[in-house]
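What you see is a predicted model, and the numbers here were worked out from it, not measured in a lab.
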Amino acid sequence: MGEGRVRPLAGEARAPGRGPVLYWMQRDQRAQDNWALVQAQAAALAAGRPLGVVFCLAPEFLDAARRQYVFLLAGLRETAAELAALNIPFVLLAGDPAREVAEFVARHDAARLVLDFNPLRLPTSWQAEVARRVTMPVDQVDAHNVVPVWVASPKQEYAAATLRPKLNRVLHRYLQEFPPLVTHPHPWAEAPRGLDLVAALDRVRAADHGPALAWITPGPRAARAALATFVSQRLDDYALGRNDPTRAAQSDLSPYFHFGQLAPQRAALAVATHPGAEASREAYLEELIVRRELSDNFCFYNPHYDDASCFPDWARGTLEAHAADRREVILTRDQLEAAASPDPLWNAAQRELVHRGKMHGYLRMYWAKQILTWSRDADEALAHAIALNDRYHLDGRDPNGYVGCAWSIGGVHDRPWGERPVFGMVRSMTHGGCRRKFKIDVYMKQIGHLVHGSQA
DNA sequence: ATCGGCTCGCGCAA
DNA sequence: TGCGCGAAGCCGAT
């Protein structure tokens, strides 16, 4: 599975419990291609124990909206069925994860507890709390990154350029085929039923932000199909077309990655072995591995990933120096949310976000940067961008989102550029620049149809 | 269409 | 200590 994939989180010296090995599934919500489950099953087989998976639904998670929970629960239903068919019970809990999981694990006297990895503060604090409360050994497995984040680098990296060689040096050791999860030979006879996955949506206190989504089907099976379609039909156009919002060259896989319904490593394997345009393969693997894992590196080593104190010194200085620059207009968060800015291109991007739950990658940068020009300062702009990103993006509340906003507004992982009003030396993007790069009128027309069609 | 200048600091070679 | 070069930039000159 690759050196360092598993790290003890607590209790190396603790005695194992007398019950099953339990995997507390959080970020990686799939049965196959999941290193945490591979590790949990290996431990269970070695000890001759049953294996179980527990998931705790937090009734509110960082302002997640209803359609995000719908996506999550639909995927979990499929994953639970897949696990049950392999003789691995799946148990759904609801409530405060730190308390519920700790109690559950103690009640069933788990032999070991296995965790997956998410660098964000809230899930990390839940894990730490559970590890402190339980009495058996706890292992953490980075099941999300191709190269485990603590292996890739021991520190916060300055930019993609500094992380890239570190990843490339060890990539061949980690970019390997997954072993399959097998039918578990030791049944967990006393496994509780847990909550019903269909009724669970009623326990969620989530507001309805944005219409229900029909263009994307949740679940690991649909994720594999979407990957196959992308590789066979759009990958060759990726190098040239990915920054053109009017061309469908993007993978559209990020919602699956975010909810762990598809392993980035599975996508990397599929792309790396695909014959065809070399430039497109490299461009995609750069974004899938280097830039995505740079986001995990940032959030793992910098707990201020979602406030302006995480910006590099040069960016904070230059933004400060331009804080008093005249703004065209100051917009409230409600005005931004309602796509009521003076820029029709920005409004179209915001409408795409609301109606599709996903904005084109190139426009995500433009969108966040423009918010800076309509905010009193960079702190306020970052707060607006993160709030709207998390509320509407299917892949919101993810390291990629926080780092994307910090890159756009605060120069994180970027370098300084020619000084301009408001932005200072932070790289700017303009309406005119977009006009030069793609047909903005075609994009705005496409979004007009999207909005009109889904409001009927 | 393409090019260069804008500007800072990391990491490495020396 | 010096030097090369960088996640998607802009703009004006050619």
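- Checked for salt-bridge contact, A:Asp236 and A:Arg281 miss the test: no charged N lies under 4.0 Å from a carboxylate O.
- Rounded to a whole Å, the CZ atom of A:Arg164 is 8 Å from the P atom of C:dG6.
- Residue A:Tyr158 has its side chain nearest to B:dG9 when only C:dG9, C:dC11, B:dG9 are considered.
- Between A:His413 atom NE2 and C:dG9 atom C1' there is a gap of 18 Å when expressed in whole angstrom units.
- Using a 4.0 Å heavy-atom distance criterion, A:Lys369 is classed as making no nucleic acid contact.
- Close placement of the A:Phe178 and A:Trp35 rings is indicated, their centers lying within 6.0 Å of each other.
- Between the P atom of C:dC5 and the CG atom of A:Leu163 lies a distance of 20 Å, rounded to the nearest Å.
- Residue A:Trp314 has its side chain nearest to B:dC8 when only B:dC8, C:dG9, C:dA7 are considered.
- Within 4.0 Å of A:Lys155, counting heavy atoms only, lie sugar-phosphate atoms of the nucleic acid but no base atom.
- Going from atom CG of A:Leu319 over to atom C1' of B:dT7 covers 14 Å, rounded to whole Å.
- At a threshold of 4.0 angstrom between heavy atoms, the contacts of A:Glu419 with the nucleic acid are absent.
- For the pair A:Arg292 CZ and C:dA7 P, the computed distance is 17 Å after rounding to whole Å.
- Side-chain proximity of A:Val403 to the nucleotides C:dC10, B:dT7, C:dA7 is greatest for C:dA7.
- With distances taken from any side-chain atom of A:Ala159 to the nucleotides C:dG9, B:dC10, C:dA7, the minimum falls on C:dA7.
- Computed from coordinates, the A:Gln370 CD to C:dG9 P distance equals 14 Å when rounded to whole Å.
- Residue A:Phe438 contributes atom CZ, which lies 12 Å from atom P of C:dG9 at whole-angstrom precision.
- Taking atom CE on A:Met365 and atom P on C:dC10, their separation rounds to 10 Å, with Å as the unit.
- Regarding contacts with the backbone of C:dG9, every side-chain N or O of A:Arg436 stays at 4.0 angstrom or more from both OP1 and OP2.
- A salt bridge links A:Lys358 with A:Asp252: the distance from a Lys NZ or Arg NE/NH1/NH2 to an Asp or Glu carboxylate oxygen falls below 4.0 Å.
- Nucleotides B:dG9 and C:dC10, compared at atom P, are 23 Å apart to the nearest Å.
- Here A:Lys166 contributes atom NZ and A:Ser153 contributes atom OG; the two are 4.0 Å apart, rounded to the nearest 0.5 Å.
- In this structure, A:Trp417 reaches the bases: a heavy-atom distance under 4.0 Å links it to at least one base atom across the strands shown.
- C:dG9 and B:dC10: their P atoms are spaced 24 Å apart (whole Å).
- Each of C:dA7, C:dG9, B:dG11 was ranked by its minimum atom distance to the side chain of A:Glu157; first place goes to B:dG11.
- Shortest non-hydrogen contact noted between A:Gln250 and A:Tyr362 is OE1-N, 4.4 Å.
- Contact annotation for A:Asp414: backbone-only contact, meaning every heavy-atom pair under 4.0 Å involves sugar-phosphate atoms and none involves a base.
- Taking atom P on both nucleotides, C:dA7 is separated from B:dT2 by 22 Å, rounded to a whole Å.
- Phosphate proximity of C:dC10 to A:Ser428: absent, as no side-chain N or O sits under 4.0 Å from OP1 or OP2.
- Outside the 6.0 Å centre-distance limit, the rings of A:Phe300 and A:Tyr305 are not counted as a close aromatic pair.
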